[in-house]
Engineer: 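After the structure tokens below, expect a handful of questions from me.
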Amino acid sequence: MIKHDVVIVGSGLAGMRAALEVCKELDVAVLSKVYPTRSHSGAAQGGIAASLGNVESDSWEEHMFDTIKGGDYLNDQDAVEEYVKAAPRVIYELERMGCVFSRTADGKIAQRSFGGHSKPRACFSADRTGHAVLHALHEQILKESKSIKIYSEWSMHSLTIEDGQCKGIVVSNIRTGEVEVIQGKAVIFATGGYGRVFKITSNAFASTADGAIAAFDAGLPIEDAEFVQFHPSGLYRQGILFSEAARGEGGYLVNGNGERFMEKYAPSRMELAPRDIVARAEQSEIDAGRGGGGKGPGEGFINLDLRHLGEARIMERLPQIRQLGIDFIGVDCIKDPLPIQPTAHYSMGGIPTDMFGQVIVDSEGTHMPGFFAAGECACVSVHGGNRLGTNSLLEAVVFGERAGKAALEYARKTGFEKINESHQKTKVLKVMEEVYQSDGTESYNDIRNEMKEIMMANCGVFRDEDRLKECVDTLQKLQVRFKKGKVTDKGKLFNTEIYEILELSNMLKMAEIISTAALNRKESRGGHFRTDHDKRDDENFLKHSMLSKSEDNSIDIKYKPVVITKYQPKERTY
Amino acid sequence: MTTFRIKRYNPEKQPEPYFEEFKVDATEGITVLDCLNDIKWTQDGTLSYRMSCRSAICGSCAVKANGHAILACQRQAEHIADKDDTVTIEPLGNMKPIKDLVVDFKPFWDKIDKVKPYLHNDTPAPEKERTQSPEEFRLIDDASTCIMCGACYSDCNVLEVDDNFLGPAALAKAQRFVGDSRDKSTLERVKELSEPGGIWDCTHCGECVERCPKPAQPFYRIKEVMASALEEGVHNNNGARHALSFTKSVKHSGRLNENQIPVESVGFFNIKGLLELIPIGIRMLLKGKTPPILHRSIKEADDVKRIYRELGE
Ligand SMILES: Cc1cc2nc3c(=O)[nH]c(=O)nc-3n(C[C@H](O)[C@H](O)[C@H](O)COP(=O)(O)OP(=O)(O)OC[C@H]3O[C@@H](n4cnc5c(N)ncnc54)[C@H](O)[C@@H]3O)c2cc1C
Ligand code: SF4
Ligand code: SF4
Ligand code: FES
């Protein structure tokens with residue numbers, strides 16, 4: 001059995017930042033199913049928020065208010081306060097590590113506007129901010145390679161909880177298919193989001209809910225799963241992202257009739273209204289037949305027009321976005337508008353934690369000893385019902401650091417407890433063996449496509465009771481069909497088919513959790529919009545949902561109160 | 001229907017690689033990666049390859065298509081297919097295949113590690129950020145776009161014959177620090193980078209620039225490091241080594257024969273690259289330092305004269 005003081009699953013911003021904290025004193029392992037620099041954080045384009053005030057005066061209070069208003073008041077305000085206060089410090093730290101940032105004329109970190117932020121607060125590195133931060137952290141990991149062990153292309157399958165305490169994880173080496181138990185005094189999950197359950201998504205293939213489902217299977221709840229952010233500018237059909245920076249720099253959204261339709265939906269912020277509002281505006285235009293292409297969810301497009309920005313500005317600030325347009329659809333945004341559509345982008349919900357990254361197991365905030373989570377897989381909740389752009393890289397760094405500190409603190413005081421290695425390993429081996437042996441008639445590919453279709457159509461930008469019921473029902477049927485799938489690759493060596501099937505199993509479960517939570521939230525708030533309950537309902541739903549596995553394997557729904565300190569809920573208009 | 005000829009390899013089953021053909025309906029807008037997925041998901045689940053972001057930023061999906069390294073997610077199949085509507089897909093070169101299109105990146109990462117790829121600056125940090133002008137940022141902007149995809153490494157001629165060469169990606173990464181106004185180890189860095197296996201072993205073939213899917217463009221970065229090395233007074237005192245590896249690589253790949261090909265046809269990159277270095281070389285000469293940069297082929301008196309003539313114009 002492999003042992004490390006602290007084991008981290010995930011090597012995006014959250015996982016690597018956590019590792020850099022733990023390695024100061026203890027032995028730490030970072031496990032990732034893709035090589036660390038291939039983590040999804042690298043895809044983040046637009047920026048990372050902090051009230052540095054390098055361009056216009058700014059304050060943490062304003063950052064806090066914008067975040068809470070953007071989140072439609074579902075955020076836990078005590079956590080938001082800590083988080084925005086920490087922002088400038090963590091950015092300066094990244095800069096000192098060597099992170100490459102675009103600069104102002106006087107040499108400071110440059111900042112730009114972003115949707116929902118009242119000040120230019122997004123620190124950026126051209127249009128590849130996530131990439132810049134990810135590589136800066138990776139450089140530090142290489143520097144500390146003596147105290148950080150990387151398990152690259154290893155996959156985590158399950159979380160080991162025994163005697164009310166987290167003791168490690170069961171993993172396998174993708175290259176050899178070998179299953180191992182890794183014992184840790186503390187475990188940190190930093191496994192990212194789960195946008196892959198939707199047909200149109202900006203997320204990487206690795207964003208499949210493995211972490212959330214491992215926690216769920218171990219009996220832990222998932223918080224606010226119904227809150228999924230749809231980003232307004234996904235490339236038509238592909239879903240990959242044209243950063244909001246394109247609108248931050250002044251891009252227009254134009255419908256099929258050539259109108260800047262945001263006038264109708266958010267007259268003061270226009271294109272820079274928060275994402276949920278812009279995505280709904282686009283979807284309304286498309287549904288009303290005022291887009292290009294088809295009608296309805298997942299079909300049709302809107303134009304993102306950048307031409308008036310001029311070549312020089314596009315080349316300086318948005319070079320990668322321009323290249324994406326050229327490579328993927330042959331459109332040069334200097335000359336022509338880009339066709340876009342709402343794309344599933346960010347998971348506000350996740351594994352519930354307190355503001356120190358410590359995982360909690362119930363509505364009362366009871367801790368699960370030894371288990372921590374940070375980044376997109378966690379729900380603190382600093383984003384509430386809708387995350388503002390550039391706030392999530394910040395979350396990954398701030399709470400990565402905090403979870404690292406807390407895990408270090410915990411592991412220092414804890415020994416390696418007895419762990420039932422063979423039992424834990426056998427459980428996973430059995431699941432894997434079932435997949436290896438599956439020789440049914442169903443195509444996993446069909447099941448995956450049907451899941452993605454129904455999630456997009458029935459649990460997307462607009463939702464209602466009938467569609468959600470149908471969605472839950474379909475997902476349950478798909479899970480039955482999943483058991484009759486057929487695998488073709490029976491080998492052990494770099495068998496990516498097996499891993500994709502295991503991921504599909506996680507996604508089916510996650511999709512059911514998302515749509516069940518959505519069905520039960522009979523109001524509209526942030527990223528969750530019910531056409532049959534189109535108003536926010538603070539009286540009944542100013543609370544976090546907590547879904548967990550019940551005795552009979554169905555889904556149990558509880559709620560947890562929202563922490564409100566400084567800002568009382570108000571109507572949200574832009 | 002586009003034909004994909006894919007190099008298959010699974011040592012668990014059969015020791016030798018072989019080609020297998022698949023047909024895919026590669027309509028407009030379909031990337032090579034979409035085609036691989038289509039094959040895996042609907043025709044043969046045993047096909048292995050790496051992928052993650054699908055937006056040319058994670059560096060997972062580099063493979064060889066029709067002989068040259070590309071990012072599978074970045075290229076549309078119809079733009080890659082040859083006139084028979086066929087695309088030949090193979091794993092990246094210069095790394096050992098593990099299974100099908102998956103290769104072992106270990107040597108690649110080991111070399112990245114060798115260039116000490118992290119900022120070195122022990123001076124007390126200011127309370128806020130260390131300032132850096134937009135011009136200084138621009139000096140490292142390109143190098144910092146590298147996504148570690150290995151496309152350059154795969155197709156580098158020197159690596160085909162010399163395992164010790166750090167290779168284009170590691171050297172581009174090195175430039176990211178050599179050129180960083182905040183880094184305090186420029187001299188040590190360029191000294192180390194001038195050791196065998198470093199910048200002077202590059203043959204200026206320019207292949208990596210052709211292959212790089214990002215503005216990182218390693219050869220240009222290598223030239224920048226060469227320039228910094230000369231500025232710092234670090235000389236290559238073993239020019240023969242360079243010439244030797246060049247000769248070896250040329251012999252091996254058979255692409256260039258420097259004894260037969262007049263200098264102007266050795267390639268655009270070669271000449272242009274060297275020309276750009278010459279002024280620095282001359283400056284060094286004037287300071288009483290010898291320029292070490294001249295390539296064997298252009299050491300021939302006539303060519304050197306010609307280059308000087310061009311420079312003068
Ligand atoms: C296209 C795009 C653009 C974005 N732009 C911005 C932006 O400009 N600003 C902003 O603030 N946010 C942005 N976001 C959101 C932000 O990038 C993410 O929320 C954030 O990077 C998440 O970081 P993370 O560390 O939590 O997870 P990730 O970076 O997603 O990393 C997850 C890690 O977990 C590992 N993992 C997962 N499952 C397993 C398993 N079973 N076994 C082993 N390892 C596993 C993966 O290998 C990976 O290393 C963007 C997101 C996308 C999709
Ligand atoms: S220019 Fe140098 S580094 Fe680039 S491919 Fe040629 S030999 Fe290799
Ligand atoms: S330099 Fe270019 S080709 Fe080489 S690894 Fe980096 S991005 Fe890929
Ligand atoms: S899949 Fe990430 S670069 Fe192609």
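These values consider heavy atoms only, across backbone and side chains, with no hydrogens, waters or symmetry-generated copies. Lettering of chains follows the sequences in order, A, B, ..., and the numbering in each one begins at 1.
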Engineer: Side chain from CB out, backbone as N, CA, C, O: work out which of these in A:Arg89 comes under 4.5 Å of a heavy atom of chain B, or both, or neither.
Structural biologist: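 Contact with chain B involves no heavy atom of A:Arg89 at all.
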
Engineer: Between B:Lys128 and A:Glu95, does at least one N-O distance fall below 4.0 Å, as a salt bridge requires?
Structural biologist: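 Result for this pair is no, no salt bridge flagged.
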
Engineer: Check each atom of A:Asn54 against the heavy atoms of chain B and say whether the ones under 4.5 Å are side chain, backbone, both or neither.
Structural biologist: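 Side chain only.
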
Engineer: Please classify the contact of B:Arg182 with chain A as side chain, backbone, both or neither, using a heavy-atom distance under 4.5 Å.
Structural biologist: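 Contact with chain A involves the side chain of B:Arg182 alone.
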
Engineer: Once you round to the nearest 0.5 Å, how far does SG of A:Cys99 lie from CD of B:Glu129?
Structural biologist: 12.0 Å

Engineer: Just by modelled atom types, is the A:Lys492 backbone N or O under 3.5 Å from a matching donor or acceptor in the B:Glu12 side chain?
Structural biologist: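 At least one qualifying donor-acceptor pair exists.
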
Engineer: Anything in residues 32-43 of chain B with a heavy-atom distance to chain A below 4.5 Å? Please list those residues in order.
Structural biologist: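 So the qualifying residues are B:Leu33, B:Asp34, B:Asn37, B:Lys40, B:Trp41, B:Thr42.
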
Engineer: With only heavy atoms counted, which part of A:Arg128 is less than 4.5 Å from chain B, the side chain, the backbone, both or neither?
Structural biologist: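 The answer is the side chain of A:Arg128.
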
Engineer: In terms of heavy-atom proximity below 4.5 Å to chain B, should A:Thr104 be classed as side chain, backbone, both, or neither?
Structural biologist: backbone

Engineer: Under 4.5 Å from any heavy atom of chain A, what part of B:Ser133 do you find: side chain, backbone, both or neither?
Structural biologist: backbone

Engineer: What part of A:Ser202 gets closer than 4.5 Å to chain B, counting heavy atoms only: side chain, backbone, both or neither?
Structural biologist: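 A:Ser202 touches chain B through backbone heavy atoms alone.
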
Engineer: Specify whether A:Tyr35 and B:Trp109 have parallel, tilted or perpendicular ring planes, treating 30° as the upper limit for parallel and 60° as the lower limit for perpendicular.
Structural biologist: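 Ring orientation of A:Tyr35 relative to B:Trp109: parallel.
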
Engineer: Checking an interface table here. Which of residues 138-146 of chain B come within a heavy-atom distance under 4.5 Å of chain A?
Structural biologist: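 Against chain A, the residues of residues 138-146 of chain B that fall inside the cut-off (heavy atoms, under 4.5 Å) are B:Ile140, B:Asp141, B:Ser144, B:Thr145, B:Cys146.
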
Engineer: How many angstroms lie between atom OH of B:Tyr118 and atom NE2 of A:His138, to the nearest 0.5 angstrom?
Structural biologist: 12.0 Å

Engineer: Answer with side chain, backbone, both or neither: which region of B:Arg75 has an atom nearer than 4.5 Å to a non-hydrogen atom of chain A?
Structural biologist: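 No part of B:Arg75 comes within 4.5 Å of chain A.
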
Engineer: Tell me, side chain or backbone of A:Asn449 under 4.5 Å from chain B's heavy atoms, or both, or neither?
Structural biologist: neither

Engineer: Are the charged groups of B:Glu136 and A:Arg103 less than 4.0 angstrom apart, N to O?
Structural biologist: no

Engineer: Please look at B:Lys13 and chain A and tell me whether the side chain, the backbone, both or neither of the residue comes under 4.5 angstrom of a heavy atom of that chain.
Structural biologist: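 Neither part.
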
Engineer: What part of B:Tyr49 lies closer than 4.5 angstrom to a heavy atom of chain A: side chain, backbone, both or neither?
Structural biologist: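 For B:Tyr49, the contact with chain A is made by the backbone alone.
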
Engineer: CG/B:Asp100 to CZ/A:Phe494 distance, rounded to the nearest 0.5 angstrom?
Structural biologist: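 So the CG of B:Asp100 and the CZ of A:Phe494 are separated by 10.5 Å.
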
Engineer: Given a strict heavy-atom distance threshold of 4.5 Å, which part of B:Lys173 is in contact with chain A: side chain, backbone, both, or neither?
Structural biologist: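 Only the side chain of B:Lys173 comes within 4.5 Å of chain A.
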
Engineer: With rounding to the nearest 0.5 Å, note down the distance linking CZ in A:Phe328 to CD in B:Gln74.
Structural biologist: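 Taking CZ in A:Phe328 and CD in B:Gln74, the distance rounds to 6.5 Å.
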
Engineer: So what's closer than 4.5 Å to chain B heavy atoms on A:Leu493: side chain, backbone, both or neither?
Structural biologist: both

Engineer: Check each atom of A:Thr208 against the heavy atoms of chain B and say whether the ones under 4.5 Å are side chain, backbone, both or neither.
Structural biologist: neither

Engineer: Side chain, backbone, both or neither: which part of B:Glu28 has a heavy atom under 4.5 Å from chain A?
Structural biologist: neither

Engineer: Contact part of A:Gln320 toward chain B, heavy-atom cut-off under 4.5 Å: side chain, backbone, both or neither?
Structural biologist: side chain

Engineer: Considering only heavy atoms, which portion of B:Ile30 lies under 4.5 Å from any heavy atom of chain A: side chain, backbone, both, or neither?
Structural biologist: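 Contact with chain A is absent: no heavy atom of B:Ile30 under 4.5 Å.
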
